[in-house]
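As the structure is a prediction and not an experimental result, all values here were calculated from the model.
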Amino acid sequence: MDNLWVLDDAGLTVPTASELITQAKEELATTDRLGGNYLFHPEDPITQLVEVVGFALASVYQLAEVLFNSRDPDQAQGVLLRESGSLVGAEIPQPTRSVIAGRFVGNPGVLVKSGSIFKYLATGDLWQTFQSYTIGPSGTVDAELESIEFDAIDASAAALSAWETQTPTTGLLGFLSTEAADVGRAAATNAETREAIRLAAEGGAGAATSDAAVANV
């Protein structure tokens with residue numbers, strides 16, 4: 001069979017399963033292997049075999065195309081794009097969780113365990129403690145919650161009634177948030193990652209040094 005893939009300045013272009021099946025049928029039908037002028041039909045075993053092989057080859061070609069094009073930041077997607085950025089030392093924005101300051105209110109001595117879940121009722125967003133807190137003699141303890149999701153979630157200035165405890169804790173009355181909130185962000189988009197790679201290539205923010213390049217390989 002002739003090669004159906006094309007490699008040029010636009011990258012690697014590969015055949016579809018339909019093109020592979022058509023080519024295989026044309027070559028098999030005109031050779032002495034099947035007696036010449038072979039007639040293919042859907043229920044024919046050879047036809048079915050050709051189709052199975054065609055789809056399998058198409059999948060291999062498509063994987064090769066993805067891997068080849070991943071070398072180019074303009075065509076790479078998702079994980080392959082981020083890996084390309086890390087290899088050149090680009091400063092790609094990482095996903096972070098929002099963190100909010102406030103205080104727990106309840107009976108003195110009550111332990112609020114790390115990983116306890118609380119819901120901000122205004123939005124339905126879930127937050128959690130990332131360390132344990134013990135309520136002091138005054139009936140409060142300063143605390144911080146982090147959002148469970150990676151995104152720009154902000155629940156600052158919420159009143160006591162706006163929170164609901166999801167993890168039962170005897171003696172805990174609730175959580176009071178303040179206006180202090182460090183808003184998180186979602187993972188970098190493909191466009192943001194490509195911009196970071198471009199800046200690194202131009203010697204701007206995140207430009208790779210030889211040591212960084214070696215460390216990232």
If you take all heavy atoms of [X] and [Y], which pair is closest and at what distance?
X: Leu111; Y: Ser132; result: CD1-CB, 4.0 Å
X: Thr16; Y: Ala58; result: C-CB, 4.1 Å
X: Pro137; Y: Pro108; result: O-CG, 3.7 Å

TODO: Please examine the side chains of Ile135 and Asn107, heavy atoms only from C-beta on, and report whether any two atoms are closer than 4.5 Å.
DONE: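 A side-chain contact under 4.5 Å is absent here.
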
Open item on the list: A side-chain contact here means heavy atoms from C-beta on lying under 4.5 Å apart; do Thr169 and Val110 qualify?
Closed with: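 Yes, close enough: below the 4.5 Å cut-off.
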
TODO: Show the numbers, then the answer: is there a side-chain contact (heavy atoms from CB on, under 4.5 Å) between Ile153 and Val183?
DONE: CA-CA 6 Å; Ile153 299 174; Val183 180; over 6 Å; no

Open item on the list: The test is side-chain contact (heavy atoms from CB on, under 4.5 Å); show your working for Gln166 and Leu126 and say whether it passes.
Closed with: CA-CA 9 Å; Gln166 303 296 293; Leu126 296 179; 4.2 Å; yes

Task: hydrophobic_cluster_shared for Phe130 and Phe175, side chain cutoff 4.5 Å - done: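 Result: no, two separate clusters.
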
- [ ] Identify the residue among Trp127, Trp163, Phe118, Tyr120 that makes a side chain to side chain contact (heavy atoms under 4.5 Å, CB included) with Ser177.
- [x]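 It is Trp163; the other options fail the test.
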
Open item on the list: Rounded to the nearest 0.5 Å, what separates atom CD in Glu19 from atom CG in Leu57?
Closed with: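 Here the rounded value is 13.0 Å.
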
Task: Spacing of Ile100 atom CD1 and Thr178 atom OG1 [to the nearest 0.5 Å] - done: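 Output value for this atom pair is 6.5 Å.
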
- [ ] Test Leu20 against Val50 for side-chain contact (heavy atoms from CB on, under 4.5 Å), laying out the working first.
- [x] CA-CA 9 Å; Leu20 288 168; Val50 168; over 6 Å; no

When the side chains of residues 140-152 are checked against the rest of the protein, which donor-acceptor pairs come out under 3.5 Å, sequence neighbours left out?
unit_1, atom_1, unit_2, atom_2, d
Thr140, OG1, Ser138, OG, 3.2
Glu146, OE2, Gln128, NE2, 3.3
Ser147, OG, Ser98, N, 2.9
Ser147, OG, Glu149, O, 2.9

Task: Partners passing side chain to side chain contact (heavy atoms under 4.5 Å, CB included) against Thr167 (at least two apart in sequence or in another chain) - done: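 Per chain and number, Thr167 pairs via side chain to side chain contact (heavy atoms under 4.5 Å, CB included) with Ser116, Ile117.
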
TODO: Given side-chain contact (heavy atoms from CB on, under 4.5 Å), test Leu172 with Thr165 step by step and report yes or no.
DONE: CA-CA 9 Å; Leu172 176 64; Thr165 303; 4.2 Å; yes

